[in-house]
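Reviewing the structure listed below.
What you see is a predicted model; the values in this text were computed from it and never measured. Just so you know, residue 1 is the first one in the sequence shown, and it goes up from there.
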Amino acid sequence: MTRILVVEDEDDIASVLVDYLRHAGYEPERVADGEAALERMVADPPALTLLDVMLPRLDGMAVLREVRRHNANPVIMLTARIEEVDRLVGLELGADDYVCKPFSPREVVARVRAVLRRSAAQDAPAAPAVRRLELDDSLWRASLDGVPLTLTRLEFRLLQALSRQPGRIFSRSQLLDLAYDDAAEVTERAVDSHVKNLRRKLAATGSGHDWIRSVYGVGFAFEEPAD
C-alpha cells in the first residue's frame with residue numbers, strides 16, 4: 001500500500017485524515033511534532049507527506065526546508081495561515097500543494113491522489129505518444145494540435161517553464177527567474193499580463209481547454225487535458 005505520513009498535532013484533525021486516507025486505500029502513519037516528522041521523512045521517506053505548518057518542537061516550514069536537502073518526495077502543506085506570503089514561502093521551499101484549514105477531508109484525499117499521479121508521471125519514462133503542445137527550443141516555435149502559436153520570446157519561455165512540469169504551481173517570482181534574463185528589472189505583476197496573452201493565444205487554437213490555471217494568491221500551473 002502507498003504510505004502517507006500525516007504530520008498534525010491536533011488529534012481530531014489527524015484522526016479524520018487518517019480515517020479518510022485509510023478508506024481511500026492508503027496506509028496512513030501519523031506523527032504529532034516537527035522533529036519526529038523530520039526523522040521519519042528522511043530516514044524512511046513516505047510516498048507523500050501531509051505537513052502541518054504550525055507544529056510543536058519544529059515548525060512545518062523548517063521541516064520542509066531540511067527535508068528538501070535529502071529528497072524530493074511530495075509534500076502537501078496544511079495550514080490555517082491564509083496570507084499570500086506564507087503560501088509563497090512554502091512553494092519556494094518545495095511544497096507540491098497547499099490546503100488551507102478548515103478543509104474538507106475529501107478534498108485533501110483528492111489532492112493527495114492528484115499529487116501522487118503527477119509525481120508518478122514525472123518519474124515515468126517518456127511515452128512515445130505525440131504531445132498536443134509542441135515546443136521547438138532551437139527556433140522558438142510553438143504549436144498546439146498542429147496550429148502554430150505566434151508567441152513573443154517571453155511568452156515562449158513562460159509556456160516552456162510551465163509546461164515542463166504540468167500541474168506544478170509556480171509562484172510569480174519563480175516564473176520571473178525562469179523566463180526573464182534580468183528579472184530584477186521586471187515586476188511580478190508583469191507575469192500576469194504575459195500569462196493573459198498566452199491564455200488568449202492558446203484559446204484561439206480552438207482546443208476548448210484552459211491550459212493555464214490561476215491559483216489565487218500564489219501563481220500559475222499548466223494543466224493538461226484529462227484525456
- Under 3.5 Å donor-acceptor, D136 side chain and L139 backbone: yes
- Query: Can you tell if the side chain of V218 reaches within under 4.5 Å of the side chain of Y98, non-hydrogen atoms only?
  - Reply: no
- Could you walk me through whether L198 and F220 pass the side-chain contact (heavy atoms from CB on, under 4.5 Å) check? CA-CA 12 Å; L198 263 179; F220 304 96; over 6 Å; no
- Query: Is the side chain of R168 donor-acceptor paired with the backbone N or O of R118 at a distance under 3.5 Å, no angle test?
  - Reply: no
- Message: Is any side-chain heavy atom of E39 closer than 4.5 Å to one of V31?
- Response: no
- Message: Walk me through whether Y20 and R106 qualify under side-chain contact (heavy atoms from CB on, under 4.5 Å).
- Response: CA-CA 7 Å; Y20 271 78; R106 290 186 178 89; 3.8 Å; yes
- Query: Is R213 reaching over with its side chain to a backbone N or O of F222, donor-acceptor style, under 3.5 angstrom?
  - Reply: no
- Message: Any non-hydrogen side-chain atom of L48 less than 4.5 Å from a side-chain atom of N73?
- Response: no
- Is D44 atom CG crowded by more than 12 heavy atoms from other residues, nucleotides or ligands, each under 6.0 Å away? yes
- Task: Mind listing the closest non-hydrogen atom pair of A47 and T2 along with its distance?
- Result: CB-CG2, 3.3 Å
- Item | Interatomic spacing from CG in L93 to CD in E66 - rounded to 0.5 Å | 11.5 Å
- Within the side chain of T205, is there an N or O that forms a donor-acceptor pair under 3.5 Å with the backbone of L202? yes
- Do the side chains of E223 and H209 get nearer than 4.5 Å, heavy atoms only? yes
- Student check: side-chain heavy atoms of M54 and D9 closer than 4.5 Å: no
- Query: Quick one: are L58 and D33 in side-chain contact, heavy atoms under 4.5 Å?
  - Reply: no
- Message: With side-chain contact (heavy atoms from CB on, under 4.5 Å) as the criterion, how do L21 and L50 come out once you've worked through the C-alpha distance, each side chain's angles and the decisive distance to 0.1 Å?
- Response: CA-CA 11 Å; L21 288 166; L50 293 171; 3.9 Å; yes
- Task: Say whether V195 and L133 are linked into one hydrophobic cluster, either directly or through other cluster members, by side-chain heavy-atom distances under 4.5 angstrom.
- Result: yes
- Query: Side chain of E8, backbone of E10: donor and acceptor closer than 3.5 Å?
  - Reply: yes
- Under the salt bridge (charged side-chain N to carboxylate O under 4.0 Å, His left out) criterion, do D210 and R200 qualify, and how do the steps go? CA-CA 10 Å; D210 188 7; R200 176 174 52 80; over 6 Å; no
- Given the rule that I, L, V, M, F, W and Y join up when any side-chain heavy atoms are under 4.5 Å apart, are L162 and L151 in one cluster? yes
- Task: State, to 0.1 Å, how close A37 and V7 come at their nearest heavy-atom pair, and which atoms those are.
- Result: CB-CG1, 3.5 Å
- What do you reckon, is CZ of R68 surrounded by more than 12 foreign heavy atoms closer than 6.0 Å? yes
- Message: Check this for me, if you would: do R57 and E35 make a salt bridge, where the nitrogen-to-carboxylate-oxygen distance has to be below 4.0 angstrom?
- Response: yes
- Task: Might you point out which heavy atoms bring V63 and G34 nearest each other, and give the distance in Å?
- Result: CG2-O, 3.5 Å
- Taking side chain to side chain donor-acceptor pair (under 3.5 Å) as the test, write out the residues that go with S171, two or more places apart. E92, S173, Q174
- Please examine the side chains of T49 and I4, heavy atoms only from C-beta on, and report whether any two atoms are closer than 4.5 Å. no
- Does any N or O in the side chain of S119 come within less than 3.5 Å of the main-chain N or O of V115, such that one atom is a donor and the other an acceptor? no
- Scan for ring-ring contact (aromatic ring centres under 6.0 Å, His included) pairs involving residues 38-78, sequence neighbours excluded, and state none if there are none. none
- Query: Do L78 and L17 come within less than 4.5 Å of each other through their side chains, counting heavy atoms only?
  - Reply: yes
- Message: According to a hydrophobic-cluster definition based on side-chain heavy atoms being under 4.5 Å apart (Ile, Leu, Val, Met, Phe, Trp, Tyr only), do L116 and M77 belong together?
- Response: no
- Message: Does R157 form a side-chain contact (heavy atoms from CB on, under 4.5 Å) with W140? I'd like the steps, not just the answer.
- Response: CA-CA 9 Å; R157 292 175 72 173; W140 298 89; 3.3 Å; yes
- Under 4.5 Å between side-chain heavy atoms, hopping through other hydrophobics if needed: is there a path connecting V147 to W211? no
- Query: Passes salt bridge (charged side-chain N to carboxylate O under 4.0 Å, His left out), R30 versus D11? Steps please.
  - Reply: CA-CA 10 Å; R30 185 253 178 137; D11 293 338; 2.9 Å; yes
- Message: Please check: side-chain N/O of S214 versus main-chain N/O of Y216, any donor-acceptor pairing under 3.5 Å?
- Response: no
- Message: Hydrophobic clusters here meaning ILVMFWY residues chained together by side-chain heavy-atom distances under 4.5 Å, can you tell me if V6 and L38 are in one?
- Response: no
- Work out which heavy atom in A179 is nearest to a heavy atom in L154; give both atom names and the distance. O-CD2, 3.5 Å
- Closest non-hydrogen atoms of E155 and T150, given as atom of the first, atom of the second and distance, are OE1-O, 4.2 Å
- Item | Non-hydrogen atoms of A221 and G167 that approach each other most closely | CB-O, 4.0 Å
- Item | Distance (rounded to the nearest 0.5 Å) between R132 CZ and S143 OG | 11.5 Å
- CG of L135 to CZ of R164, rounded to nearest 0.5 Å, is 8.5 Å
